[in-house]
S.K.: 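One structure, pasted below without further comment.
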Amino acid sequence: MSFADAWKRVQVENDALLASRAEVEHAEHKQSAAKSLYLPEVGLSASYIYLDDDVKISPDDIFDSMPAGDKVKSMFDMIGGGMGLSPAQLNKGLTSTIAERDNLTSSLTATWPIYTGGRITAAQDIAAGQVDEAQYGHKLQLISQFEHLVRYYFGAVLAKQVYTTRLSVEEGLKKHRDHAVLLEQQGQIARVERMQSEASLDKAVVERKKAGRDLEIARVALSRMLKSQELIVPADDLFLYEDLPPLEVFIKKTMNNYPALGMLDAKKEQASGVVDIEKGKYLPTVALFGNVNLYEEDDLLNKALMPDWFLGVGVSLPLVDRSGRAEQLSAAKSTVKRIDHLELQARSDLSVLVEQAYRQAQQALEEYHGLGSSVKLAEETVNLRGKAFSQGLSTSLDVVDAQLFLAGVKSQRAVAQYNYIVSLAQVLAVGCDQESFLQYQNSSTHERN
């Protein structure tokens, strides 16, 4: 699998990225919910009330509630007496049932805030900031997974190259051992020289097996990251890109694109929204409200006292608040200041990080090129030591040292390439420029295994 295909697979199937995408969706749903804060709230209510008895009112109850009730009652009784009715009959006949014992009511209510001191707008700004924060968090996760993939993928490539080098050493020392056996049989070298060649070969076999296990572990780790049941074998080689842009280009791109800076901006937007909410606590709230009775009992209470519908406007202004709104406002403003300072520190740290990774890439590139002459020297030394050993002019230890020196230089050169790739990936990833990594890889110098 190529690195480009591996990266596509990570973006689609990586659980950490899927979780961060879900976080973005969560924030977007919250933002959609915040948009509803300006809409009216409409509700349907119904209630059933059972009283201990019917609610009734009689003339006596009315007279008793009047300051001059006794005089009025006397006049009322005189009028009733003139009609041939006793006071008791008159009081009973004029008694009214205001409410039945069983009461069922249903109504439709609505409340519509039309001014909240900016608190609704601030809540929506906070929700928008949370969406931005989640999106930047997803980008940060992309950067993290990209850097992990570079280490896992090219780590497996490096392990393959080290294994190939160790295998080459083993094959070279095996030929040397066979040659030493023949020379010993011919009496041209001492027995200890042949034993030295065998010991060196045995050690080379151990090192090759160890490199093979490291290669297997690296491939397994890569396969697990790619969520593959089959073993993933990298198709690409280590590479070098010689013409990197100047450091200032990467620093500028990082300052413009690094998601953590965007997250701080999003947090600042949310903190500013909290400031607006706290300020809104000093301002009035204005709302329209209304009610429509859908069903009510046919009794005097409902007919006389309960209208079929009503509309109104309400204003509330807290004069004394126990939530500590002044301190809450100061705390919110302090949060904004804290984020400003964090952003300044983050920009400073980022510039150092980019410069460090850039210079590490340059150092690895220089190390790779600097070891080129050592590789040529080591290869020539292997040839010369082998010929000299055949002529009895050098020892078996000299041949072994030459082989190991060549293997060490090749491995060190491969590690330099790997370090270059890792540093390059870090420089590009913090600027959200992973695509340039693929472009550099396609137009680079490859080291074939």
Side-chain angles (χ1 to χ4, degrees), residues 26-51 55 57 65-67 98-99 103-133 265-340:
H26 171 80
E28 288 174 345
H29 291 315
K30 288 287 188 179
Q31 184 183 26
S32 298
K35 294 178 180 178
S36 303
L37 293 174
Y38 272 122
L39 300 178
E41 183 177 340
V42 181
L44 179 65
S45 63
S47 63
Y48 171 77
I49 301 176
Y50 182 78
L51 306 177
V55 178
I57 186 169
S65 66
M66 295 180 180
I98 296 178
N103 284 271
L104 178 63
T105 61
S106 177
S107 62
L108 189 68
T109 60
T111 304
W112 191 356
I114 56 176
Y115 179 74
T116 59
R119 280 171 284 180
I120 290 180
T121 302
Q124 293 175 340
D125 291 341
I126 291 174
Q130 290 172 341
V131 171
D132 292 339
E133 182 179 357
D265 289 338
K267 288 182 178 293
K268 185 177 180 179
E269 181 181 359
Q270 296 173 56
S272 298
V274 174
V275 171
D276 293 337
I277 288 177
E278 296 302 328
K279 288 181 178 179
K281 292 181 179 180
Y282 289 91
L283 300 174
T285 299
V286 182
L288 298 176
F289 59 88
N291 185 87
V292 177
N293 287 331
L294 302 178
Y295 176 82
E296 60 185 15
E297 298 291 347
D298 188 17
D299 52 34
L300 182 61
L301 177 64
N302 290 316
K303 289 182 178 179
L305 301 180
M306 300 299 294
D308 292 335
W309 61 270
F310 63 84
L311 294 173
V313 59
V315 180
S316 64
L317 178 63
L319 300 178
V320 179
D321 185 284
R322 65 177 184 176
S323 66
R325 55 187 175 181
E327 290 75 15
Q328 295 285 1
L329 177 57
S330 298
K333 289 180 178 179
S334 297
T335 300
V336 174
K337 292 179 181 179
R338 181 176 65 87
I339 294 174
D340 286 336

S.K.: Looking only at non-hydrogen atoms, find the nearest pair between A127 and K30 and report the distance.
M.R.: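 Heavy atoms of A127 and K30 come nearest at CB-O, 4.3 Å.
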S.K.: Measuring from S334:OG to L329:CG, what's the distance to the nearest 0.5 Å?
M.R.: 9.5 Å
S.K.: Can you list everything that forms a salt bridge (Lys or Arg N to Asp or Glu O under 4.0 Å) with D308? Sequence neighbours excluded, please.
M.R.: none
S.K.: Applying side-chain hydrogen bond (donor to acceptor under 3.5 Å, both in side chains), can you list everything that pairs with D340, at least two apart in sequence or on another chain?
M.R.: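 Here the qualifying residues are K268.
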S.K.: Give me each pair satisfying salt bridge (charged side-chain N to carboxylate O under 4.0 Å, His left out) with a member in residues 277-286, each pair once, sequence neighbours excluded.
M.R.: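 As it turns out, the salt bridge (charged side-chain N to carboxylate O under 4.0 Å, His left out) pairs with a partner in residues 277-286, which skip direct neighbours, are E278-K281.
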S.K.: I need the minimum non-hydrogen distance between G129 and E269, along with the two atoms involved.
M.R.: CA-OE1, 3.7 Å
S.K.: Do you know the tightest heavy-atom contact between A123 and A34?
M.R.: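 Where A123 meets A34 most closely, the heavy atoms are O-CB, 4.5 Å.
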S.K.: Could you please spell out the steps behind the side-chain contact (heavy atoms from CB on, under 4.5 Å) verdict for T105 and N293?
M.R.: CA-CA 8 Å; T105 61; N293 287 331; over 6 Å; no
S.K.: Does S36 have any side-chain hydrogen bond (donor to acceptor under 3.5 Å, both in side chains) partners at least two apart in sequence or in another chain, and if so, which?
M.R.: none
S.K.: Identify the two heavy atoms, one from D132 and one from A266, that lie closest to each other, and give their separation to 0.1 Å.
M.R.: CB-CB, 3.8 Å
S.K.: Please table the atom pairs, donor to acceptor, closer than 3.5 Å between any side-chain atom in residues 106-122 and protein atoms at least two apart or in another chain.
M.R.:
{"residue": "S106", "atom": "OG", "partner": "S45", "partner atom": "O", "Å": "3.3"}
{"residue": "S107", "atom": "OG", "partner": "S45", "partner atom": "OG", "Å": "3.1"}
{"residue": "W112", "atom": "NE1", "partner": "Y38", "partner atom": "O", "Å": "2.9"}
{"residue": "T116", "atom": "OG1", "partner": "I120", "partner atom": "N", "Å": "3.3"}
{"residue": "R119", "atom": "NE", "partner": "T116", "partner atom": "O", "Å": "2.7"}
{"residue": "R119", "atom": "NH2", "partner": "T116", "partner atom": "O", "Å": "3.3"}
{"residue": "R119", "atom": "NH2", "partner": "T285", "partner atom": "OG1", "Å": "2.6"}
{"residue": "T121", "atom": "OG1", "partner": "Y38", "partner atom": "OH", "Å": "2.7"}

S.K.: Where do L311 and L288 land on the side-chain contact (heavy atoms from CB on, under 4.5 Å) test, with the steps shown first?
M.R.: CA-CA 8 Å; L311 294 173; L288 298 176; over 6 Å; no
S.K.: Please name all residues satisfying side-chain hydrogen bond (donor to acceptor under 3.5 Å, both in side chains) with E133, sequence neighbours left out, ordered by chain then number.
M.R.: K267, Q270
S.K.: State, with a plain yes or no, whether a side-chain heavy atom of V275 is found less than 4.5 Å away from one of V336.
M.R.: yes
S.K.: Within the 4.5 Å heavy-atom criterion, are I126 and V274 side-chain neighbours or not?
M.R.: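 Side-chain contact under 4.5 Å: yes.
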S.K.: To the nearest 0.5 angstrom, please state how far the OG atom of S32 sits from the CD atom of Q124.
M.R.: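 One gets 11.0 Å once the value is rounded to the nearest 0.5 Å.
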S.K.: Is the closest side-chain heavy-atom distance between L51 and N103 below 4.5 Å?
M.R.: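 L51 vs N103: side chains touch.
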